[in-house]
Amino acid sequence: MDLSWLSAAAPWLLTGETALLLVGGFVVGIFSVIIGGGFFVSIPLLQFLFPSVSYGAIVGNLKVGSFFRGIGSTITNRKEIDWLGNILWSVPLVIGTVLGVMVIAHLHQRWMLPAIIAAIALSEFAPWLAKRITKGSFQAASLATGAYAGFLGAGIGIILVALFRLKHPAVERIAHVKIQARFVEWLIGIVAVIAHYFHGNLILALWLVWSMGSFAGGLTGGVLLEKLGAMSGKTQKIVLRLAYLVAIAGALLPFLN
């Protein structure tokens, strides 16, 4: 087995940045499971640690962490997933994801500010937008959703649930819909990771440590959510909006430098 990559990464893996990545991935993993919107917290952290890397590299390496965090839910709900059906109707989502990655691949970090503002707007207005998606606009909405997934992806779960509810509108199918949406979010996350890899955005020593923390945080968050119960909707909104402020502050860093 070729372990040359490990020896090359070893010096980096002993730095203070590594500890911050590991702890950050863990904390954001818990935050993502219980509150959601983990990208709004993780992006400023990576901007602070790696001020010289591109916008695409920040998003790409975070996507790897999201991929590992999503493995658990996919394994847990594998028997309820409509594998073939989801893969077939995800085609426009996949195409849009690749296009979104292509757009941001080598952008400077200064482009993070308008992206964060757009993500906050989508996160806040997603329920309103979701109600206006019709069967006639389904393909266009899927393509746009995929593009946004590649562009940033914060809060995308709400739109995916709305798309799935067009196929399964019955109230008693909501749990089923959420399972399918989580799987498709993970699926297009894989596509985003592959696209970022081919654009040279993935940094092994970064995503490896971040993913370990994310995976552990995802597991811990799941346990806490099950044992302690979910926070009230009002509390979750307050915490998420505080995360918006953190994200905007991080997006302003490149302008200050």
Side-chain angles (χ1 to χ4, degrees), residues 20-51 53 55 57-70 73 100 104 109-130 145 148-161 178 181-182 185 189 192 206-207 210-211 213-225 228-256:
L20 285 174
L21 273 179
L22 193 61
V23 174
F26 179 73
V27 173
V28 171
I30 295 174
F31 184 88
S32 297
V33 171
I34 297 177
I35 305 294
F39 265 78
F40 293 116
V41 181
S42 52
I43 283 174
L45 176 61
L46 263 64
Q47 283 185 284
F48 172 74
L49 292 175
F50 308 100
V53 303
Y55 171 170
I58 287 177
V59 174
N61 287 279
L62 289 177
K63 293 285 186 185
V64 182
S66 298
F67 162 74
F68 280 100
R69 198 163 55 238
S73 63
I104 69 164
Q109 275 194 25
R110 289 186 177 183
W111 285 96
M112 195 67 76
L113 180 59
I116 290 293
I117 292 172
I120 291 171
L122 182 63
S123 181
E124 288 293 302
F125 291 104
W128 181 85
L129 291 170
T145 301
Y148 175 68
F151 190 73
L152 191 63
I156 193 175
I158 297 173
I159 299 297
L160 286 175
V161 168
K178 288 185 175 180
R182 261 199 308 269
E185 185 175 359
L206 193 165
W207 69 254
W210 180 261
S211 296
S214 295
F215 183 71
L219 291 176
T220 305
V223 172
L224 290 175
L225 192 61
L228 302 178
M231 295 181 183
S232 69
K234 184 177 180 180
T235 302
Q236 290 189 43
K237 281 187 177 181
I238 292 172
V239 175
L240 183 57
R241 285 167 183 167
L242 288 175
Y244 294 163
L245 296 178
V246 174
I248 290 174
L252 289 171
L253 286 176
F255 295 93
L256 300 177

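Source: prediction; values computed, not measured.
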Donor-acceptor pair, side chain of K63 and main chain of L152, under 3.5 angstrom: yes
Separation of I30 CD1 from T220 OG1 (nearest 0.5 Å): 5.0 Å
Side-chain touch L113/F255, heavy atoms, less than 4.5 angstrom: yes
V53 side chain reached by L206 side chain, heavy atoms, under 4.5 Å: no
Nearest atoms (heavy-atom pairs only) where V41 meets V28: CG1-CG2, 4.0 Å
Where I104 and G150 come nearest, the two heavy atoms and their spacing: CD1-O, 3.4 Å
Flag side-chain contact, heavy atom, 4.5 Å: L62 against W210: yes
Expected output: side-chain Q109 to main-chain P254 donor-acceptor under 3.5 Å: no
4.5 Å side-chain heavy-atom contact, S66 and F39: yes
Spacing of CZ belonging to F40 relative to CG belonging to L245, to within rounding of 0.5 Å: 11.0 Å
Exercise: identify the closest heavy-atom pair between L45 and G24: CD2-CA, 3.8 Å
Parallel, tilted or perpendicular: ring planes of F68 versus W207, cut at 30 and 60 degrees: parallel
Shortest non-hydrogen contact from G250 toward P44: CA-CB, 3.9 Å
Atom pair CG (L21) and CG (L49), whose distance is rounded to the nearest 0.5 Å: 5.5 Å
Closest non-hydrogen atom pair between G65 and S214, with its separation: O-CB, 3.7 Å
